[in-house]
*Asks:* 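For reference, the structure I am asking about is given below.
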Amino acid sequence: MAIYYYAYSGHKYGLDRVKRGVALIKAMQAQGVEVNLLLNDFRAGLAAKELGAVDSVTIETILDIDVIAEKGDTLFIDSPEDDRGKLEKYSSEYKPLFRVVDSSDEIASYGEVLMKPYCKDGLESLSSIIVDRDYFTAGTKEERVLFFFGDADYDKVILSNAEFFEGMEMDLLLGQYFFVKYEDDLAQIFERLHEPEEYRDLICSSSRVVTSSLQTALDARAAEADVIYIKKPADAESLLHQLERFGIKIIEGFDREELIKALDAQKDVKKVPNDIDITAKNIIDSIFL
């Protein structure tokens with residue numbers, strides 16, 4: 001029996017799900033259980049290696065998982081893709097089947113195990129709030145406001161909101177899927193640009209982080225940064241509620257006045273729980289019953 005974690009990724013979406021998947025895979029491997037990572041493109045595989053994944057396999061979409069996985073294997077699906085009815089097939093072939101979601105209102109369709117931001121049935125050990133233990137080792141902070149939009153900005157959202165950043169003296173952490181020409185344009189807006197490979201070091205060492213990446217907000221807050229999350233229209237209220245519980249400030253889109261208020265507001269003392277090892281253990285126990 002093999003275990004697979006499929007994390008949706010790409011130049012239009014980014015790597016949030018990859019970062020979450022790698023964090024869980026590392027925690028399970030630390031407890032002696034090997035997990036194979038399935039991704040959508042070569043670039044995501046390189047980024048996963050930088051984050052600590054041993055290896056990965058590239059497939060095209062969620063519909064191609066069964067080209068790799070065999071009946072009786074265990075499968076994690078972390079993807080918003082349309083499965084075109086294939087989830088029912090997966091649920092009958094892969095035992096157990098875990099589905100990682102960003103809304104606590106999600107309902108299991110075919111008996112799969114849901115990992116949610118908040119589990120109303122009391123199974124907090126199967127939360128989808130997953131943060132690599134590396135971020136919980138707080139080190140020396142450098143006084144900087146670091147902005148990380150995400151690993152992808154296909155529609156050039158940052159550039160179209162240039163006024164939001166004027167006079168803020170922010171550094172920009174570039175995304176893995178940013179183009180060189182786009183980076184040249186962004187250099188006119190920010191104090192300094194940082195390469196994607198610096199992600200972990202910058203998230204751990206920055207005193208303040210502004211981001212529209214859910215996973216980065218969690219990573220930075222675990223590292224005890226003062227974090228401001230720019231919420232998106234599609235964000236589930238249950239997930240936003242969890243972010244607030246962890247001391248993450250939330251602002252409505254690229255609202256400059258809200259940003260200024262959030263930067264001036266006192267840093268929250270609440271923290272992200274460091275329970276990834278417990279989560280991994282409970283998952284392992286449920287697989288090997």
Side-chain angles (χ1 to χ4, degrees), residues 14-16 18-20 23 47 50-52 131-153 156-180 182-232 243-244 246-272 274:
L15 298 172
D16 269 21
V18 176
K19 291 170 182 171
R20 174 161 62 186
E50 291 170 6
L51 293 167
V131 181
D132 195 312
R133 68 167 70 86
D134 292 350
Y135 296 102
F136 291 95
T137 305
T140 303
K141 296 293 184 188
E142 183 174 333
E143 282 299 324
R144 74 161 71 90
V145 181
L146 179 71
F147 180 74
F148 179 69
F149 178 75
D151 277 291
D153 188 9
K156 297 187 176 181
V157 174
I158 301 174
L159 200 58
S160 64
N161 289 279
E163 293 182 358
F164 177 79
F165 304 99
E166 285 184 3
M168 294 297 180
E169 298 183 348
M170 287 187 186
D171 285 11
L172 173 67
L173 175 56
L174 295 165
Q176 292 278 0
Y177 295 100
F178 283 21
F179 300 106
V180 174
Y182 190 38
E183 294 176 11
D184 293 340
D185 293 334
L186 295 174
Q188 308 304 312
I189 301 173
F190 294 91
E191 292 291 302
R192 183 181 176 189
L193 303 187
H194 300 273
E195 295 301 319
E197 293 76 17
E198 300 177 71
Y199 179 87
R200 182 184 284 112
D201 289 342
L202 282 169
I203 294 303
C204 288
S205 65
S206 297
S207 59
R208 290 185 286 181
V209 175
V210 182
T211 183
S212 62
S213 159
L214 288 166
Q215 191 61 39
T216 298
L218 292 166
D219 292 346
R221 191 71 195 101
E224 299 188 10
D226 187 7
V227 179
I228 299 169
Y229 175 67
I230 302 173
K231 76 173 185 178
K232 299 180 286 290
L243 297 186
E244 290 179 326
F246 302 147
I248 296 170
K249 303 169 186 175
I250 299 174
I251 65 174
E252 188 80 40
F254 288 85
D255 187 310
R256 184 179 172 84
E257 293 304 315
E258 284 196 30
L259 173 64
I260 293 171
K261 289 179 182 178
L263 288 170
D264 289 341
Q266 187 173 359
K267 177 181 173 182
D268 204 307
V269 297
K270 296 188 286 291
K271 296 184 178 181
V272 176
N274 184 5

*Asks:* For Phe164 and Phe254, take the angle between the two ring planes, folded into 0 to 90°, and tell me which bin it lands in: parallel under 30, tilted 30 to 60, perpendicular over 60.
*Replies:*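 Answer is perpendicular, since the angle exceeds 60°.
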
*Asks:* For Lys232, look at atom NZ and say whether over 12 heavy atoms of other residues, nucleotides or ligands are found less than 6.0 Å away.
*Replies:*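 Yes, NZ of Lys232 has more than 12 neighbouring heavy atoms, counting only those of other groups under 6.0 Å.
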
*Asks:* Which atoms form the tightest heavy-atom contact between Gly14 and Ala152, and what is the distance?
*Replies:* N-CB, 3.8 Å

*Asks:* Is there side-chain contact between Tyr135 and Arg200, with heavy atoms separated by less than 4.5 Å?
*Replies:* yes

*Asks:* Ile248 and Ala217: which non-hydrogen atoms are nearest, and at how many Å?
*Replies:*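 For Ile248 and Ala217, the tightest heavy-atom pair comes out as CD1-O, 3.6 Å.
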
*Asks:* Could you check if a side-chain atom of Asn274 sits within less than 4.5 angstrom of a side-chain atom of Val131, using non-hydrogen atoms only?
*Replies:* no

*Asks:* Short question: side chain of Arg256, backbone of Glu163 - any donor-acceptor pair under 3.5 Å?
*Replies:*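 Side chain of Arg256 to backbone of Glu163: a pair is present.
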
*Asks:* Are any of the side-chain nitrogens in Glu224 or Lys271 under 4.0 Å away from the carboxylate oxygens of its partner?
*Replies:*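 Salt bridge flag = yes for Lys271 with Glu224.
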
*Asks:* Does any non-hydrogen side-chain atom of Ile230 lie less than 4.5 Å from one of Glu258?
*Replies:* no

*Asks:* With rounding to the nearest 0.5 Å, note down the distance linking CG in Leu214 to OH in Tyr229.
*Replies:*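 Output value for this atom pair is 3.5 Å.
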
*Asks:* Decide yes or no on side-chain contact (heavy atoms from CB on, under 4.5 Å) for Val210 and Met170, but give the supporting numbers first.
*Replies:* CA-CA 9 Å; Val210 182; Met170 287 187 186; 4.1 Å; yes

*Asks:* Give a yes-or-no answer on whether the side chains of Thr216 and Tyr199 include a donor-acceptor pair shorter than 3.5 Å.
*Replies:* yes

*Asks:* Rounded to the nearest 0.5 Å, what separation is found between the CG atom of Leu243 and the CG atom of Leu218?
*Replies:* 5.5 Å

*Asks:* For the residue pair Phe147 and Asp171, establish whether any side-chain heavy-atom pair is separated by less than 4.5 Å.
*Replies:* no

*Asks:* Could you tell me which non-hydrogen atom of Met168 sits nearest to which non-hydrogen atom of Leu263, and how far apart they are?
*Replies:*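 Minimum heavy-atom separation between Met168 and Leu263: SD-CD1, 4.2 Å.
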
*Asks:* Could I get the full list of salt bridge (charged side-chain N to carboxylate O under 4.0 Å, His left out) partners for Glu142, not counting sequence neighbours?
*Replies:* Arg144

*Asks:* Name the residue from Asp226, Asp264, Asp268 that meets the salt bridge (charged side-chain N to carboxylate O under 4.0 Å, His left out) definition with Lys249.
*Replies:* Asp226

*Asks:* Validate the cation-pi geometry between Lys156 and Phe179: distance from NZ or CZ to the six-membered ring centre under 6.0 Å, angle to the ring axis within 45°.
*Replies:*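 Not satisfied by the 6.0 Å and 45° rule.
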
*Asks:* I want to check something: taking the side chain as every heavy atom from C-beta on, are Phe165 and Ile158 in contact at a cut-off of under 4.5 Å?
*Replies:* yes

*Asks:* Could you check whether any side-chain heavy atom of Ile228 comes within less than 4.5 Å of a side-chain heavy atom of Val209, counting everything from C-beta outward?
*Replies:*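 When only atoms from C-beta onward are counted, Val209 and Ile228 do not touch, as no gap falls below 4.5 Å.
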
*Asks:* Looking at every non-hydrogen atom in both residues, tell me the closest pair between Asp16 and Ser213 and how far apart they are.
*Replies:*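 Shortest heavy-atom contact: OD1-OG, 2.7 Å.
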
*Asks:* Looking only at non-hydrogen atoms, find the nearest pair between Leu172 and Phe190 and report the distance.
*Replies:* CB-CG, 3.6 Å

*Asks:* Are any of the side-chain nitrogens in Asp132 or Arg20 under 4.0 Å away from the carboxylate oxygens of its partner?
*Replies:* no

*Asks:* Run the side-chain contact (heavy atoms from CB on, under 4.5 Å) test on Leu15 and Tyr177 for me, step by step, so that the C-alpha distance in whole Å, both residues' side-chain angles and the decisive distance to 0.1 Å come before the verdict.
*Replies:* CA-CA 9 Å; Leu15 298 172; Tyr177 295 100; 3.6 Å; yes

*Asks:* Rounded at 0.5 Å granularity, tell me how far CG in Leu259 sits from CD in Glu252.
*Replies:* 13.5 Å

*Asks:* Shortest non-hydrogen contact from Gln215 to Lys19?
*Replies:*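 It is CG-CB, 3.8 Å.
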
*Asks:* So for atom NZ, which belongs to Lys270, do other residues, nucleotides or ligands contribute more than 12 heavy atoms lying within a distance under 6.0 Å?
*Replies:*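 Counting other residues, nucleotides and ligands, NZ of Lys270 exceeds 12 neighbours.
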
*Asks:* Going by atom types only, do Glu195 and Gln176 share a side-chain donor-acceptor pair under 3.5 Å?
*Replies:* no

*Asks:* Given side chains that start at C-beta, do those of Leu174 and Leu186 come closer than 4.5 Å, heavy atoms only?
*Replies:* yes

*Asks:* Under 3.5 Å, side chain of Ser205 to main-chain N/O of Lys141, donor-acceptor pair present?
*Replies:*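 No, the answer is negative, given that no donor and acceptor are paired below the 3.5 Å cut-off.
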
*Asks:* Please report the interatomic distance CD1(Ile203) to CG(Leu146), rounded to the nearest 0.5 Å.
*Replies:* 5.5 Å

*Asks:* Could you give the distance from OG (Ser206) to CG (Asp201), rounded to the nearest 0.5 Å?
*Replies:*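 The OG atom of Ser206 sits 10.0 Å away from the CG atom of Asp201.
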
*Asks:* Taking the side chain as every heavy atom from C-beta outward, state whether Phe178 and Asp151 have any pair of such atoms under 4.5 Å apart.
*Replies:* no

*Asks:* Can you measure from OG (Ser207) to NZ (Lys267) and round to the nearest 0.5 angstrom?
*Replies:* 8.5 Å

